[in-house]
Amino acid sequence: MTRTLVWFRRDLRVFDHQPLARAARRGLVVPVFVLDRALLHHPETGPARVEFLLAALGGLDRDLRQLGGRLILRSGDPVEVLPNLVRQSQAEGIYAYTDCERIYGRVRDARLNQALATAGMKIRWFDPPGSLAELLPYPAYRQRWYGQMGEPQVPRPQRVAVPPEISSEPLPSLTQLGHEADGKPLPAASTAAARALLQTFLEEKADRYYWQLSYPSAAVTTGLSPHLKFGVISVRECVQTVLQADTGGSERRRRSHQQLIARLRWGQGFTQRFRYLPQLELRSLYRIFDQAGWAFDADLYQAWQTGHTGFPIVDAAARCLQATGGYLHLNFRTRAIYASFLSNLIGIDWRYGALHFMRHLIDGDCPIDHYQWAMQAGVTHCIDKSWTRIYHPGQTAVDRCDPQGQFIKRWLPELADVSPEQLGSPPPRATYPAPVLDYKVARQRRIKQLEQQRQTFIQAPSLLPHLAPLPADLTPFGVDRYGGEVGWALGSNFSLFPPALDLETLDQAQKQDLRTWFVAHVNIAPPRSSPPRSTPSSQQLSLLD
């Protein structure tokens, strides 16, 4: 009987999984996950995320056993492990989804393609819905995305038969993988748990989500992001579940449903940008920002990391991130304020911020995290907009994001007796630090710097001469601080799979298509200078205030 090896990566589910379904129709299946030290000990890897991964692998094994199968675990370099397993299992080849999250993964997959071809073995790659090989203008990608999300989900196999003689390594503990738990509470990791979270959102939060998403104390986020990071549930299943949900005629629910689907699309759009330009993992979009250099102050960096900047909304975000991993309690607006403070006001390279986030986020996803960080820092900038995204970290932020002070007081109990009207600039006290900077001075300095840097490309007819190329050295950022398994990056003449865009060979139409990924597709006005106070029930916050 035909045997096919199915390599699971960021797709830890049996539902809506094309490689698994096709392999199961062909015959026997060898479902395998490889514990790869280059990822497990990447400088941006956080122990809580690894712990969630291990739980998700346990959930995948349980789902496979319900279908008569089981998950096969291996440890090592997939370029060595997988050809050996093909030989051992006498499989005809490998089925797998492509993955564009990390440069390392794309170097590894290119090496695997070469190793399999040399050995006369086969691999068939499937692009997951929302990931496209061709360069499309962004509006066309958006249309294609909605089309793919509307296609029928791939049915779960009725049976997954695994050759009985193929053994599996036991599921290791976090300690056995070289990590120590850091105390973050973890959500249950399974497809059933993800579905339950989505249903809870639709039943209990959808009437508030659109209007209260910017308020951390409102607790309206879905909590799905760790499950989406590891593909425990497919984006397509989430989209279709939301579309099929009954709004009861409520305009509030309809708007919230649309907003959630838009955010799912945005997340996959970030990954598509990385498919085109993997250098975004390591550097700013435009070369001028990194060439001009950044300042680095170790004391200020530590104050920002630990929540001792003297700006309560920033410090509450810092402590929330380290305590919870952010996925449920640190919403997009609070993350944005926290991120902007480091790069735009302290003046530290955004990559140090992305590094810190990724070491703590349970839902840490490199394209989403890095692209959002670079965008908040103003270095992955909409070419057709001249304003700068810098959030006021004082009373303005409190009024707009935490008007009752619930989020701040939860994470900064030393300010429990301060009124909400004073939380932006609390009275001096021995238990809380004074502000580490003058907001107005720091803001003007950053605006002037960014305006000078942007002059090199803001009116350019072509972006290509100004884009940062893929560097010759692919060593991950942060190795000097945290170490990591980076021997793979010490070679030269790297190939990537899927391949990146070759910027030097793009024709004029392709150049224009690429440009559409870095312009604003909606008419977003710059922030108002004197915003009114608001409450969670009264209005939606402006995206760029």
Side-chain angles (χ1 to χ4, degrees), residues 40-53 55 174-175 178-187 189 216-217 219 221 223 225-226 229 296-343 345-346 348-366 368-370 372-373 376 391 393 397 401-402 405-416 423 431-433 435-436 477-478 481-484:
L40 292 171
H41 293 276
H42 190 284
E44 289 189 351
T45 296
R49 198 159 61 253
V50 176
E51 195 172 1
F52 182 88
L53 165 65
L174 187 65
T175 303
H179 290 281
E180 296 296 330
D182 59 8
K184 293 180 175 64
L186 296 179
S217 59
T221 55
S225 51
K229 149 73 180 181
F296 184 81
D297 185 308
D299 292 336
L300 287 177
Y301 184 50
Q302 184 179 34
W304 175 85
Q305 288 178 301
T306 59
H308 292 87
T309 68
F311 290 87
I313 192 72
V314 173
D315 294 339
R319 299 186 197 180
C320 176
L321 172 63
Q322 295 211 40
T324 71
Y327 80 99
L328 192 59
H329 301 285
L330 196 63
N331 65 7
F332 86 98
R333 175 56 65 88
T334 315
R335 293 188 193 197
I337 294 170
Y338 186 34
S340 178
F341 189 90
L342 180 74
S343 293
L345 299 180
I346 295 180
I348 290 178
D349 190 333
W350 65 268
R351 289 171 290 190
Y352 284 102
L355 173 66
H356 178 68
F357 265 42
M358 289 295 289
R359 290 182 65 82
H360 287 282
L361 289 172
I362 296 173
D363 60 2
D365 182 291
C366 180
I368 296 174
D369 181 69
H370 282 227
Q372 290 277 27
W373 258 98
Q376 297 300 337
Y391 298 89
C401 295
D402 195 21
Q406 295 171 290
F407 177 73
I408 291 173
K409 292 184 179 185
R410 176 181 178 184
W411 298 108
L412 305 180
E414 62 266 41
L415 301 182
L423 276 177
T431 56
Y432 188 69
V436 297
F477 189 85
R481 297 183 70 86
Y482 299 111

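Numbers here are sequence positions counted from 1.
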Report task. Please name the pair of heavy atoms, one in Tyr432 and one in Gly310, separated by the smallest distance, quoted to 0.1 Å. Result -> OH-C, 3.3 Å

Query - Flag side-chain contact, heavy atom, 4.5 Å: Gln406 against Arg410 - result: no

Query raised in the report: Is the Tyr391 to Phe341 ring centre distance short of 6.0 Å?
Result: no

Query raised in the report: Are Glu180 and Leu174 close enough that some pair of their side-chain heavy atoms sits under 4.5 Å apart?
Result: no

Report task. Using a 4.5 Å cut-off on heavy atoms from C-beta on, say whether the side chain of Arg359 contacts that of Tyr482. Result -> yes

Report summary line: Note: Cys401 and Pro216 closest approach over all heavy atoms is O-CD, 3.2 Å

Query raised in the report: So which heavy atom on Ile362 is nearest to which on Leu186, and how close?
Result: CD1-CD2, 3.6 Å

**Report entry** Value rounded to 0.5 Å, distance of CZ in Arg319 from CG in Leu321
**Finding:** 13.0 Å

Report task. Check the side chains of His370 and Glu44 for a donor-acceptor pair under 3.5 angstrom, ignoring hydrogens and angles. Result -> yes

Query raised in the report: Are Asp315 and Thr309 close enough that a side-chain donor and a side-chain acceptor fall under 3.5 Å?
Result: yes

Query raised in the report: Do Arg335 and Gln376 come within less than 4.5 Å of each other through their side chains, counting heavy atoms only?
Result: no

Query raised in the report: In terms of ring plane angle, is the pair Trp304 and Phe357 parallel, tilted or perpendicular, where the classes change at 30° and 60°?
Result: parallel

Query - Validation row: Leu330, Thr324 side chains within 4.5 angstrom (heavy atoms) - result: no

